[in-house]
Number of protein chains: 2
Amino acid sequence: MSIASDLLRGNTDTIILASLVEHDSYGYLINKEIMAKTEAQIELKDATLYSAFRRLEKEGLVTTYWGNEDVGARRRYYSITEKGREAYGQNKAEWQKAKQMIDSLLV
Amino acid sequence: MSIASDLLRGNTDTIILASLVEHDSYGYLINKEIMAKTEAQIELKDATLYSAFRRLEKEGLVTTYWGNEDVGARRRYYSITEKGREAYGQNKAEWQKAKQMIDSLLV
DNA sequence: AAGTATACCTTGACAGGCGAGGTATATTGT
DNA sequence: ACAATATACCTCGCCTGTCAAGGTATACTT
């Protein structure tokens with residue numbers, strides 16, 4: 001059984017940012033990598049993924065550009081901004097705290 | 001800064017069930033205890049709390065009865081059912097797994 | 001020619017959180 | 001005496017994030 005989406009909610013943006021910290025990437029690949037790393041227990045549905053991208057872009061946490069593939073389907077790349085790196089750090093810290101707090105409530 | 005509600009979502013029902021595992025309780029007290037235990041970093045807004053109760057009741061995870069206070073405001077008590085205990089165990093297990101998976105994605 | 005993989009996108013429905021509003025009783029402060 | 005605060009419950013309607021369902025286009029395999 002894969003992870004309920006309500007448990008992921010609030011972390012999707014952070015997860016996407018995480019995959020952009022090292023290098024630029026694109027939607028399809030990000031999704032595949034997440035599935036590979038979690039043995040398909042976490043999967044961002046593509047509608048969810050793309051709506052997250054719009055949100056991140058609007059907030060200035062990522063920028064985007066079209067790749068110039070001369071073969072295959074076009075790719076839209078995403079790049080994390082400085083603001084995005086900061087947000088990532090904060091989100092991660094908040095996640096650590098939330099984890100701890102929730103754990104303290106679950107006997 | 002308190003914990004973003006999207007990080008709690010998916011855990012609110014579990015948190016409520018947790019506070020009913022040891023003994024019956026009522027909304028106002030459950031809320032106070034959660035705030036006390038987390039130094040007010042987690043707070044279920046009462047609209048959230050009561051809608052969660054309706055949900056848990058509908059799913060047969062809790063039962064409810066009116067307390068017979070002869071003084072002060074009336075209290076509606078909640079009692080966890082056997083089904084509720086099972087759900088609690090499963091939710092907790094899923095939370096453990098989700099934690100692990102999310103952590104594996106956040107570099 | 002059909003199927004699968006890669007790669008993107010939009011729309012509309014749904015569920016949970018919660019701000020804002022409401023009711024009622026008891027205690028504490030001035 | 002009266003106001004304020006704490007206790008204790010409740011509903012309505014908005015907002016936001018997820019995602020099923022639908023769509024487009026290219027390239028490779030069978």
Side-chain angles (χ1 to χ4, degrees), chain A residues 2-17 19 24-36 40-59 61-62 64-78 91 98 102, chain B residues 2-17 19 24-36 40-59 61-62 64-78 91 98 102:
Chain A
S2 63
I3 304 299
S5 60
D6 274 345
L7 286 175
L8 258 25
R9 198 164 174 147
N11 287 300
T12 55
D13 290 11
T14 315
I15 289 171
I16 292 170
L17 290 176
S19 63
D24 294 2
S25 191
Y26 57 97
Y28 191 81
L29 181 60
I30 289 172
N31 220 346
K32 289 282 158 192
E33 283 180 350
I34 289 169
M35 282 195 280
Q41 294 199 82
I42 290 183
E43 185 199 354
L44 302 181
K45 301 294 149 51
D46 62 351
T48 304
L49 188 68
Y50 291 115
S51 86
F53 281 140
R54 299 296 154 265
R55 201 162 52 233
L56 291 168
E57 213 183 332
K58 202 167 139 195
E59 288 166 9
L61 306 185
V62 302
T64 179
Y65 57 93
W66 284 102
N68 53 348
E69 283 67 46
D70 47 338
V71 75
R74 79 227 150 112
R75 297 173 180 165
R76 183 193 277 280
Y77 283 86
Y78 294 91
N91 289 357
I102 292 169
Chain B
S2 64
I3 304 300
S5 60
D6 274 345
L7 286 175
L8 256 26
R9 197 167 173 144
N11 287 300
T12 55
D13 289 10
T14 313
I15 289 170
I16 292 170
L17 289 176
S19 62
D24 294 3
S25 190
Y26 57 96
Y28 191 80
L29 181 61
I30 289 172
N31 220 348
K32 289 282 157 191
E33 283 181 351
I34 289 169
M35 283 195 279
Q41 295 199 80
I42 289 183
E43 185 199 354
L44 302 180
K45 301 294 148 51
D46 62 351
T48 303
L49 187 69
Y50 291 115
S51 84
F53 281 140
R54 300 296 154 263
R55 201 161 52 234
L56 291 168
E57 214 183 330
K58 202 167 137 195
E59 289 166 6
L61 307 186
V62 301
T64 179
Y65 57 93
W66 285 101
N68 53 345
E69 282 68 45
D70 47 338
V71 74
R74 78 227 151 112
R75 297 173 180 165
R76 182 193 278 280
Y77 282 86
Y78 293 92
N91 290 357
I102 292 169

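From a predicted model like this one, the values you see are computed outputs, not experimental measurements. Per chain, numbering begins at 1; letters A, B, ... match sequence-line order. Scope of the values below: all heavy atoms of this structure, side chains included, with no hydrogens, waters or symmetry mates.
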Subject >> B/E57 side chain reached by B/R55 side chain, heavy atoms, under 4.5 Å >> reply: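 No - every pair of side-chain heavy atoms lies 4.5 Å or more apart.
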**OP:** Would you mind reporting whether A/W66 and A/R74 have side-chain heavy atoms less than 4.5 Å apart?
**Re:** yes
Original post:
What class does the angle between the rings of A/F53 and A/Y78 fall in, given that below 30° is parallel, 30 to 60° is tilted and above 60° is perpendicular?
Top reply: parallel
**OP:** Please work out which of the three classes, parallel, tilted or perpendicular, describes the rings of B/Y65 and B/Y77, given edges at 30° and 60°.
**Re:** parallel
Subject >> Backbone N/O of B/I16 and side chain of B/S19: donor-acceptor pair under 3.5 Å >> reply: yes
**OP:** Using heavy atoms to find the nearest nucleotide of DNA chain C for A/R76 and B/S51 separately, return the residue whose nucleotide is more 5′.
**Re:**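 Its nucleotide being nearer the 5' end, the pick is A/R76.
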**OP:** Mind calculating the distance between CG (B/D46) and C1' (C/dC18) to the nearest angstrom?
**Re:**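 Interatomic distance, CG of B/D46 to C1' of C/dC18: 9 Å.
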Original post:
B/K45 side chain: which of D/dC10, C/dC9, C/dC18 is closest?
Top reply: C/dC18
Original post:
Which pair of heavy atoms, one from B/L49 and one from B/L44, lies closest together, and at what distance?
Top reply: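 Heavy-atom minimum between the residues: CD1-CD1, 3.9 Å.
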**OP:** Indicate the atoms forming the closest heavy-atom contact of A/R76 with A/Y26, along with that distance.
**Re:** O-CB, 3.2 Å
Subject >> Inter-residue atom distance B/T12.OG1 - A/D6.CG, 0.5 Å rounding >> reply: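 With rounding to 0.5 Å, OG1 (B/T12) is 8.0 Å from CG (A/D6).
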Subject >> Selection: residues 5-14 of chain A, any non-hydrogen atom under 4.0 Å of DNA chain D >> reply: A/S5, A/R9, A/T12
Short heteroatom pairs, N/O only, protein and nucleotides 4-7 of chain D, under 3.5 Å:
unit_1	atom_1	unit_2	atom_2	d
D/dT7	OP2	B/Y28	OH	2.6
D/dT7	O5'	B/Y28	OH	3.1

